[in-house]
Amino acid sequence: MSAPSQLSKDPHNNYFDFGAARQVPETHTWEGLYEHPLVDGGVGAVEDAVPVVDLRDPHAAEAVARASEQWGTFLLEGHGIPSELLARVEARIVSVFALPASEKMRAARQDGQSHGYGLPPIASYFPKTTWSEGYTMSPANLRAELRKIWPDAGEDYRHFCDVMEEFHRQMLAVVDKLTVLFLAALGVAGVEAGRKIVETMSETVTMHINWYPKCPDPKRTLGLATHTDSGFFTFLMQSHVSGLQLFRREPDRWVGVPPGALIVNIGDLFQILTNGRFRSTYHRAIVNRDSTRVSVAYHLGPPADAKVAPLREAVGGGKPAYRTVTWREYFLVRKEAFTTGGSALQMVSLSPGDHDDDGDGADQISEISS
Ligand SMILES: C=C1C[C@]23C[C@@]1(O)CC[C@H]2[C@@]12CCC[C@@](C)(C(=O)O1)[C@H]2[C@@H]3C(=O)O
Ligand SMILES: O=C(O)CCC(=O)C(=O)O
Ligand SMILES: [Fe+2]
C-alpha cells in the first residue's frame, strides 16, 4: 500500500495500489458477505431470471411496470446503442484508471463534493474500504472536469471526452423512450409532461465510472458496498465480466446479474414518486481473481432542490406513502440512515413500518450494518 504524503488525510481517499497487492489487507476485508446464498439471474434461470424489457416490444410498458414493481431492476434490450460504442466507452474508462496515481489524484473528490475521482460518496459511511476506484462526472461539465487529469488537453483527453459525450447523446434517446414507457405504466397522460421531465433530467445527468481490479482473495472483499441508487433511475453498463448482484427477499438471496447487458435500476426517489409502486433495489458489486471489471452508471434524477412527492396518479384514492423531499435533503436522510443502521425510505415514510423498503421489517441487510 502506498500513501504518498500529498494525498488526502481521509483514509478512504488515500491511494491504494491494487496492482501491487498480493493479499487483501485488513482495511479492505468485509464480514458477512456470504451469509445469503448466491443464485444465477441469467436469462436461462427459471425462478430468478432478471426480467428483460425490449424497447421494440409493443407491450414494453407492461413489461416495464411488472419489472419495476416486482424487481426494481431489468435488463434492457433493443436500446439501439451500438455495442461498438459500448466497447469504446469501456476502453476509455480503462485508460483513465490506468493512469499513474499522481495524475488521477489531481481530480480527487474533495469532502462533500459530488464530483471527482476516488471512492463514491457512500464509501465514507463504512469502516472498510472497497476493492475499486471510481470517478463521478457530469456530462454538462465533462471537459472542465477532465482537464484536472489531463491539463494539456491532449489526445487521450479528447478521446475520452468525445466518447463519453457520444455515449451521453445516445443515452438521452434511450432515456426519452424509457420515460415514455414509465409514464404509460403509471397512467400519467401527456407527451408534454414527458418531454419536460426528460429535459430536466438530462440537465442533471451524473455518470459514475467504476473500476474493479483483479483481486488475489476476492471472497474477503467487496467492489461496491450494498446500496440502492437514490435518484429516479440509473442505467448501468458493465463489461463482459460478472460482478453485479441484486438482493432479493423470501428467501433472502443474492441474484447474479448476467454480464454485458444494459441494466436499469429504479432509485429511491422513483419509489417515492410512484408512492411505493416501483421499488428501488439493493445491489452490490463483487470482484474476482482473474479479470478486471468496469462499469458506468448513468444516474438520472431531479434537480437537487426540486420537490419530489408521490404522484397524484400513483396515490389515486389512497394516501401518500412518503413525505415530500428534495434529492439534496434525501442525501442527508440517507447519511443518517447509514450511521444509525436505519432505512432512508422508512425515515421519509408517512406510515413507518408499512413501507419497509425490503419487505420484512428489518431495516438493512447484513453487511451494511456489520
Ligand atoms: C448522482 C449521484 C448518485 C450517486 C451520488 C451521486 O451524486 C454521484 C455518485 C452516485 C453513486 C455511485 C455509486 C453508488 C452511490 C450510492 C454512491 O455512493 O455514489 C451512487 C449515488 C446514489 O445513487 O445515491
Ligand atoms: O458496477 C456495478 O455493477 C454497480 C455500480 C453501481 O451500482 C453504481 O455505480 O451505482
Ligand atoms: Fe448503484
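Remember, it's 1-based here, ligands and their atoms both numbered in the order they're listed. The basis for the numbers below is simple: all heavy atoms, side chains too, and nothing from hydrogens, waters or symmetry mates. Computed from a predicted model, the values in this text were never measured in an experiment.
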Regarding [X] and [Y], does a basic nitrogen lie under 4.0 Å from an acidic carboxylate oxygen?
X	Y	value
R92	E166	no
R253	D48	yes
K104	E133	yes

Which residue and atom name correspond to the protein heavy atom nearest [atom], and how close is it?
atom	answer
atom 7 (O) of ligand 1	F331 CZ, 3.8 Å
atom 8 (C) of ligand 1	T136 CG2, 3.4 Å
atom 19 (O) of ligand 1	P121 CD, 3.2 Å
atom 10 (C) of ligand 1	H299 NE2, 3.7 Å
atom 23 (O) of ligand 1	S230 N, 2.9 Å

Give one line per pair: atom of ligand 2, protein atom, distance. Only N/O to N/O under 3.5 Å.
| from | atom 1 | to | atom 2 | distance (Å) |
| --- | --- | --- | --- | --- |
| ligand 2 | 1 (O) | Y212 | OH | 2.6 |
| ligand 2 | 1 (O) | R293 | NH1 | 3.2 |
| ligand 2 | 1 (O) | S295 | OG | 2.7 |
| ligand 2 | 3 (O) | R293 | NH1 | 3.3 |
| ligand 2 | 3 (O) | R293 | NH2 | 2.7 |
| ligand 2 | 7 (O) | H227 | NE2 | 3.3 |
| ligand 2 | 7 (O) | H283 | NE2 | 3.0 |
| ligand 2 | 9 (O) | N210 | ND2 | 3.1 |
| ligand 2 | 10 (O) | H227 | NE2 | 3.4 |
| ligand 2 | 10 (O) | D229 | OD1 | 3.3 |

Q) Which of these, Q271, E69, E313, sits in a side chain to side chain donor-acceptor pair (under 3.5 Å) with R277? A) E69

Q. For ligand 1, is there an N or O atom under 3.5 Å from any N or O atom of L224?
A. no

Q.
At less than 2.8 Å, how many protein N/O/S atoms surround the Fe ion (ligand 3)? Leave waters out.
A.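 Considering protein N, O and S only, the Fe ion (ligand 3) has 3 within range.
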
Q) Do the side chains of W30 and F126 get nearer than 4.5 Å, heavy atoms only? A) yes

**Q.** Charged tip of K219 within 45° of Y34 ring normal and under 6.0 Å
**A.** yes

Q. How long is the span from the CG atom in L246 to the CD1 atom in I263, to the nearest 0.5 Å?
A. 7.5 Å

Q.
Given R334, H227, H208, R109, identify the one with the heavy atom nearest to atom 21 (C) of ligand 1.
A. R334

